Number of protein chains: 2
Amino acid sequence: MARKHNPADPPPTISDATLRGFSGYVMKRAFNAIQADVNASLAPLDLRMLTFSALSVIVDNPGLRQSQLADALSIERPNLVIVVDELERRDLILRNPAPGDRRAYALQATLKGMRLYTKALGAVQAHEARMTKGLSEDERQALIAMLSRIET
Amino acid sequence: MARKHNPADPPPTISDATLRGFSGYVMKRAFNAIQADVNASLAPLDLRMLTFSALSVIVDNPGLRQSQLADALSIERPNLVIVVDELERRDLILRNPAPGDRRAYALQATLKGMRLYTKALGAVQAHEARMTKGLSEDERQALIAMLSRIET
DNA sequence: TATTGTTATACTCTATAACTATA
DNA sequence: TATAGTTATAGAGTATAACAATA
C-alpha cells in the first residue's frame, strides 16, 4: 500500500504526470532544450536558430522574395525584416532588386554567406546527432514525420 | 529531366528540405501551431499554457514549494513569481506559510482553482485530440516518449 | 484595390545578477 | 554559508495595425 506524505510537509517528489500526457507540454520542454543547444552550437559563428534557418532557405532558393522566405519559415513579414537586415549587414546575403517588380527584393547568399552556411550546417548536424542520440535513425525520421503532420 | 527556373525570376516554389531534416526546426513549427491552439483554447478561461501548467502541478501536488514548482516546470524561479502572483491574485491558489520554514510557501489550489482546472483540462484534452488527430494513439504515445528522451 | 517591404508597438517566455529574510 | 522567494533587467520570438511605394 502506498504511503501518503503528510500534506503539512512539502511533497518529497513532484508529479507532472497529467501534463506529461499532453504533447504540447512535452514538446515545449524538448524544444527549449534543443533551442538552447543549437543556439550554443551556432553562437561561435554568430548565428542563431532563426538566422541559420533563414540563411539555409536563401542558399537553397536563390532569388526568392522576402514574403516567400517568411512563408517558408512560418513567420510574419514584419518579424523577418530585422533577420534579413542582420544577414545583409554582415554581407552574408544580398537584397538584389527583383527584376520586373520594383517593390520586391531577390534574396541571394554571397560567397561569404555560403561559406558560413557550410560551417553552420556541420555544427547543426553535430547538434542533431547529440540531441537524438537516444533515438534510432528510424525513430528520428518518424519523429520528424509526426511533427510535420501536427503542424498542419 | 527537371526543369530549372530562370534565377532572375523568383523561385516558383520554395524548398526547406534541408531544414526539414532537423528535428529542432520541425519541432519549432509544430510547437508554434500547438501553442497558438492551446492558448486560444484556454483564452476563454483566462489561462495560458504556462498558467495552466502551473495550476495543474499545484492541483496534483498540494503543499509544494515554489522552487519545486519551478523545477517541475523547468523554468527559472524568477520567472515563476509572476505566474504564481497571477494565480494567487485570481484566488485560484493560496500561498500558505510553509510549516517549519519561514522562507518558503506551501502552494495549494483553492476550490475555485480546482474547478477552473477541471474546465481547463477538458479544453486541453479537446485541443490535444484536435492537434494529434492525424496520429494513432500508439503514435501519439511514441511521440511523447521520444520528446521526453530528447529533453534529457 | 491588392501586394511588398517597412515601422511601430506590445506581449510572452526566457535568462542572469543581486537583493531580503531566513536557515 | 546556503537557500527561498523576490526585484530588476535584458534578450529573443511572436503578433497586429498602419504606412509608402508599387502593382
Side-chain angles (χ1 to χ4, degrees), chain A residues 10 14 24-25 27-40 42-43 46-54 63-88 93-107, chain B residues 10 24-25 27-40 42-43 46-54 63-89 93-107:
Chain A
I14 304 301
Y25 176 74
M27 202 178 301
K28 175 192 175 175
R29 301 181 57 135
F31 177 66
N32 283 352
I34 284 191
Q35 185 162 53
D37 188 85
V38 74
N39 282 342
L42 290 170
D46 267 308
L47 289 171
R48 305 182 308 283
M49 188 172 182
L50 187 54
T51 50
F52 168 77
S53 300
L64 86 168
R65 306 293 148 88
Q66 279 188 206
S67 55
Q68 290 181 305
L69 180 55
D71 281 354
L73 296 174
S74 268
I75 67 176
E76 299 301 320
R77 287 48 153 195
N79 295 327
L80 181 62
V81 175
I82 54 165
V83 173
V84 173
D85 282 350
E86 181 182 339
L87 296 176
E88 184 189 36
I93 66 164
L94 295 173
R95 273 200 256 230
N96 293 314
D101 190 339
R102 286 191 303 175
R103 294 172 302 181
Y105 294 121
L107 302 179
Chain B
Y25 175 74
M27 201 178 301
K28 175 193 175 174
R29 302 180 58 137
F31 176 66
N32 283 354
I34 284 190
Q35 184 161 53
D37 188 85
V38 75
N39 282 341
L42 291 171
D46 268 308
L47 289 172
R48 304 183 308 283
M49 188 173 181
L50 186 53
T51 51
F52 168 77
S53 300
L64 85 168
R65 306 294 147 89
Q66 280 187 204
S67 53
Q68 291 180 304
L69 180 55
D71 281 354
L73 297 175
S74 268
I75 67 174
E76 300 300 320
R77 288 53 158 187
N79 296 327
L80 180 62
V81 175
I82 54 166
V83 173
V84 173
D85 282 351
E86 180 182 338
L87 295 176
E88 184 190 37
R89 180 181 43 76
I93 65 164
L94 295 172
R95 272 201 256 230
N96 293 315
D101 189 339
R102 288 191 301 175
R103 296 171 302 179
Y105 293 121
L107 302 179

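Protein chains get the first letters and strands the later ones, always in sequence-line order, with residue 1 at the start of each. This one's a predicted model, so the numbers in the text were calculated from it and none came from an experiment.
Between A/Gly24 and B/Ile34 the shortest heavy-atom distance is CA-CG2, 3.6 Å. In plain terms, the two heavy atoms of A/Pro10 and B/Arg65 that are nearest each other are CD-NH2, 2.9 Å.
Dashed line: the shortest gap from a side-chain N or O of A/Ser67 to OP1 or OP2 of C/dT3 is not under 4.0 Å. A close approach under 4.0 Å does occur between a side-chain nitrogen or oxygen of B/Arg95 and OP1 or OP2 of D/dT6. In this structure, B/Asn32 does not reach the D/dG13 phosphate: none of its side-chain N or O atoms is under 4.0 Å from OP1 or OP2. Between B/Gln66 and D/dT6 there is a side-chain polar atom (N or O) within less than 4.0 angstrom of OP1 or OP2. Proximity of A/Lys28 to the phosphate of D/dG13: no side-chain N or O atom is located under 4.0 Å from OP1 or OP2.
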Between A/Leu107 and A/Gln68, is a side chain to side chain contact (heavy atoms under 4.5 Å, CB included) present by the stated rule, with each step listed?
CA-CA 10 Å; A/Leu107 302 179; A/Gln68 290 181 305; over 6 Å; no
Walk me through whether B/Arg48 and B/Thr51 qualify under side chain to side chain contact (heavy atoms under 4.5 Å, CB included).
CA-CA 5 Å; B/Arg48 304 183 308 283; B/Thr51 51; 3.7 Å; yes
Do B/Arg29 and A/Leu73 pass the side chain to side chain contact (heavy atoms under 4.5 Å, CB included) test, and can you show the C-alpha distance, the side-chain angles, and the key distance before you say yes or no?
CA-CA 8 Å; B/Arg29 302 180 58 137; A/Leu73 296 174; 5.7 Å; no
Could you walk me through whether A/Ile14 and B/Leu69 pass the side chain to side chain contact (heavy atoms under 4.5 Å, CB included) test, one step at a time?
CA-CA 8 Å; A/Ile14 304 301; B/Leu69 180 55; over 6 Å; no
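In this structure, the nucleotide among D/dA4, D/dG13, C/dT4 sitting nearest to the side chain of B/Ala104 is D/dA4.
Between A/Asp101 and A/Ala36, the residue anchored closer to the 5' end of DNA chain C is A/Asp101, taking for each the nucleotide with the nearest heavy atom.
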Can you check nucleotides 1-3 of chain D for protein contacts, nitrogen or oxygen pairs under 3.5 Å, and list what you find?
unit_1 : atom_1 : unit_2   : atom_2 : d
D/dT3  : O2     : B/Arg103 : NH1    : 2.5

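Going from atom CZ of A/Arg48 over to atom P of C/dA15 covers 15 Å, rounded to whole Å. Computed from coordinates, the A/Ile34 CD1 to C/dT14 P distance equals 15 Å when rounded to whole Å. For the pair A/Tyr105 OH and D/dA20 C1', the interatomic distance rounds to 12 Å; values are reported in whole Å. The distance between atom CG of B/Asp85 and atom P of D/dT7, rounded to the nearest whole Å, is 7 Å. Atom pair A/Leu69:CG and C/dT3:P shows a separation of 19 Å (rounding to whole Å applied). Between the CG atom of B/Asn39 and the P atom of D/dG13 there is a distance of 18 Å, rounded to whole Å. Distance, A/Gln35 CD to D/dG11 P: 17 Å, rounded to whole Å. To the nearest angstrom, C1' of D/dG11 lies 17 Å from CE of A/Met49.
The distance from the CG atom of B/Leu47 to the CE atom of B/Met49 is 13.0 Å, given to the nearest 0.5 Å. A distance of 5.0 Å separates CG of A/Leu50 from CD1 of A/Ile75, quoted to the nearest 0.5 Å. Here A/Phe31 contributes atom CZ and B/Gln35 contributes atom CD; the two are 10.0 Å apart, rounded to the nearest 0.5 Å.
Residues from residues 73-84 of chain B lying near DNA chain C, meaning a heavy-atom separation below 4.0 Å, are B/Ile75, B/Glu76, B/Pro78, B/Asn79 in numerical order.
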Just list the side-chain donor-acceptor pairs under 3.5 Å for residues 93-102 of chain A, sequence neighbours left out, or say none.
unit_1   : atom_1 : unit_2   : atom_2 : d
A/Arg95  : NE     : A/Glu88  : OE1    : 3.2
A/Arg95  : NH1    : A/Gln66  : OE1    : 2.7
A/Arg95  : NH2    : A/Asp85  : OD1    : 2.1
A/Arg95  : NH2    : A/Glu88  : OE1    : 3.2
A/Asn96  : ND2    : A/Gln108 : OE1    : 2.7
A/Asp101 : OD1    : A/Arg103 : N      : 3.0
A/Asp101 : OD1    : A/Arg103 : NE     : 3.2
A/Asp101 : OD2    : A/Arg103 : NH2    : 3.1

